2 protein chains.
Amino acid sequence: MSTEEQQDRLLRWVERVAAFCVEEWGLPPITGRILGWLMICDPAEQSAGQIADVIQASRASLTSNMRFLTAIDLVKKVRRPGDRVSYYRIEDDAWQKVIQRKLESLSAFGDIADEGLDITGGEGHRTERIKAAHDSLTWLQNLAARHPLRR
Amino acid sequence: MSTEEQQDRLLRWVERVAAFCVEEWGLPPITGRILGWLMICDPAEQSAGQIADVIQASRASLTSNMRFLTAIDLVKKVRRPGDRVSYYRIEDDAWQKVIQRKLESLSAFGDIADEGLDITGGEGHRTERIKAAHDSLTWLQNLAARHPLRR
DNA sequence: TAGCTATTTCAGTCATGTTTGAAATCACTA
DNA sequence: TAGTGATTTCAAACATGACTGAAATAGCTA
């Protein structure tokens, strides 16, 4: 396989990862491509320019996306003495963080459910409906809290 | 509290549920409002017209949304002999289904990871990165499969 | 069957959020 | 300090997909 074909295959894979990110986590396509590329690139640390070139996005878009990704700690910005360019690499536990945060954000429903129960007065069919929803949402959270992933 | 204030409070709650649906599950706002209303309405079964009125959406929008919600089995369409209007009620396990499906859809990453490992040749830093992602994604799934919610 | 009401379809409008390109800024080097 | 290359900011273009309204259809009743 030529290096060009290899590159093609890499990019197709990056695209699959991006599609997954878009569908599952609601990330913008370019953000997904960046994550995909940072997963499979070699070396692991890449400059914004390199990434922009490879995923065919503008430098400007890279700037905002890298800021976002580093802000939420999915990507780490690496600076080297005597080198003016910044390099980025995906955090080892990036995906774990994504999942963990998704789970945590589910807890927001707790408050919603509480107010719902207050509205329904704590009994009747309406109450049951709300409780069922709340139970489902807390089920996963408790599960995850009790069985943390060890790596 | 006047009935009008009560209605206001109901609608505010519905709006909170809708916002949650939008953020967490990526549903359109109106779809979220429908689910929110169906959770707290009385009686539990409501016609498309009733729902449209209460959440201030068009009948047309209701049509497509109800079709969608019944297609994915979150809402059940109920017909009554001698009554031309269709009624809808939220499924008891609607939220459980939503969560379950989200988890299942994560398995799509399995295939992506497999191809990634094929590309990287199964060793090196790139392989580790992909494996880490895959492990995180399957962790929750296995957990959920082993500890089903009993109601 | 005729008449009425509710539902559905479809095409057009609208809003939202993403991406881009140009210009400004910054950091380093010589 | 001037020059070079990279980064950042910002406004505007763009694409996507949701919502609406009008017209067509379907289902019930008399």
Side-chain angles (χ1 to χ4, degrees), chain A residues 11 14-15 17-38 45-72 74-89, chain B residues 11 14-15 17-38 41 43 45-72 74-89:
Chain A
L11 287 180
V14 168
E15 203 54 39
V17 174
F20 183 83
C21 291
V22 169
E23 284 160 30
E24 295 305 320
W25 315 117
L27 295 175
I30 290 200
T31 314
R33 290 191 190 105
I34 293 171
L35 285 177
W37 176 246
L38 287 180
E45 299 184 352
Q46 305 259 317
S47 72
Q50 288 176 307
I51 301 171
D53 289 347
V54 93
I55 67 169
Q56 308 242 60
S58 71
R59 303 292 171 101
S61 182
L62 258 287
T63 297
S64 43
N65 274 289
M66 296 325 286
R67 184 184 10 253
F68 171 70
L69 287 172
T70 51
I72 63 174
L74 254 43
V75 166
K76 184 160 186 189
K77 184 175 191 168
V78 183
R79 311 224 65 199
R80 299 172 185 166
D83 190 341
R84 85 189 78 174
V85 344
S86 290
Y87 296 86
Y88 300 91
R89 73 152 189 267
Chain B
L11 287 179
V14 168
E15 203 55 37
V17 174
F20 182 83
C21 291
V22 169
E23 285 160 29
E24 295 305 319
W25 315 117
L27 294 174
I30 290 202
T31 314
R33 290 190 190 104
I34 294 171
L35 285 176
W37 176 246
L38 286 179
C41 62
E45 300 184 350
Q46 305 258 316
S47 73
Q50 288 176 305
I51 301 171
D53 289 347
V54 93
I55 68 168
Q56 308 243 58
S58 71
R59 304 291 168 105
S61 181
L62 260 286
T63 297
S64 41
N65 274 288
M66 296 324 287
R67 186 190 3 261
F68 171 71
L69 287 173
T70 50
I72 63 175
L74 254 43
V75 166
K76 185 160 189 189
K77 184 175 191 169
V78 182
R79 312 225 64 199
R80 299 171 185 166
D83 189 342
R84 84 190 78 174
V85 344
S86 291
Y87 296 87
Y88 300 91
R89 74 151 188 268

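Please read all numbers here as calculations on a predicted model, not as lab measurements.
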Measure from [atom1] on [X] to [atom2] on [N] and round the result to the nearest Å.
X       : N      : atom1 : atom2 : value
B:Gln56 : D:dG21 : CD    : P     : 12 Å
B:Arg59 : D:dT20 : CZ    : P     : 12 Å
A:Asp83 : D:dT4  : CG    : C1'   : 14 Å
B:Ile34 : D:dC19 : CD1   : C1'   : 12 Å
A:Tyr88 : D:dA6  : OH    : C1'   : 10 Å
B:Tyr87 : D:dG27 : OH    : P     : 17 Å

Keeping B:Gln46 on the side-chain end and B:Pro43 on the backbone end, is there a donor-acceptor pair under 3.5 Å? yes
Working to the nearest 0.5 Å, report the span between [atom1] of [X] and [atom2] of [Y].
X       : Y       : atom1 : atom2 : result
B:Lys76 : B:Ser86 : NZ    : OG    : 13.0 Å
A:Leu69 : A:Leu35 : CG    : CG    : 5.0 Å
B:Met66 : B:Arg59 : CE    : CZ    : 13.0 Å

Atom of [X], atom of [Y] and distance for their closest heavy-atom approach:
X       : Y       : answer
A:Gly32 : A:Val17 : O-CG1, 4.4 Å
A:Ser61 : A:Ser58 : N-OG, 3.0 Å
A:Leu38 : A:Tyr88 : CD2-O, 3.7 Å
B:Ala57 : B:Ile30 : CB-CD1, 3.7 Å
B:Trp37 : B:Ile51 : CD1-CG1, 4.1 Å

Could you say whether A:Ala57 or B:Ser47 is positioned toward the 5' end of DNA chain C, judged by the nucleotide with the nearest heavy atom to each?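 Its nearest nucleotide being more 5', the pick is B:Ser47.
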Under 4.0 Å, counting only non-hydrogen atoms across every strand here, what does B:Ser64 touch: a base, just sugar-phosphate, or nothing? nothing
Does A:Arg67 make a side-chain N or O approach to OP1 or OP2 of D:dT9 shorter than 4.0 Å?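 For A:Arg67, the contact criterion (side-chain N or O under 4.0 Å from OP1 or OP2 of D:dT9) is met.
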DNA chain C: first to last nucleotide in contact with chain B (atom under 4.0 angstrom from a heavy atom), 5' to 3', is C:dC4 to C:dT9
Those residues of residues 26-33 of chain A lying under 4.0 Å from DNA chain C by at least one heavy atom: A:Pro28, A:Pro29, A:Ile30
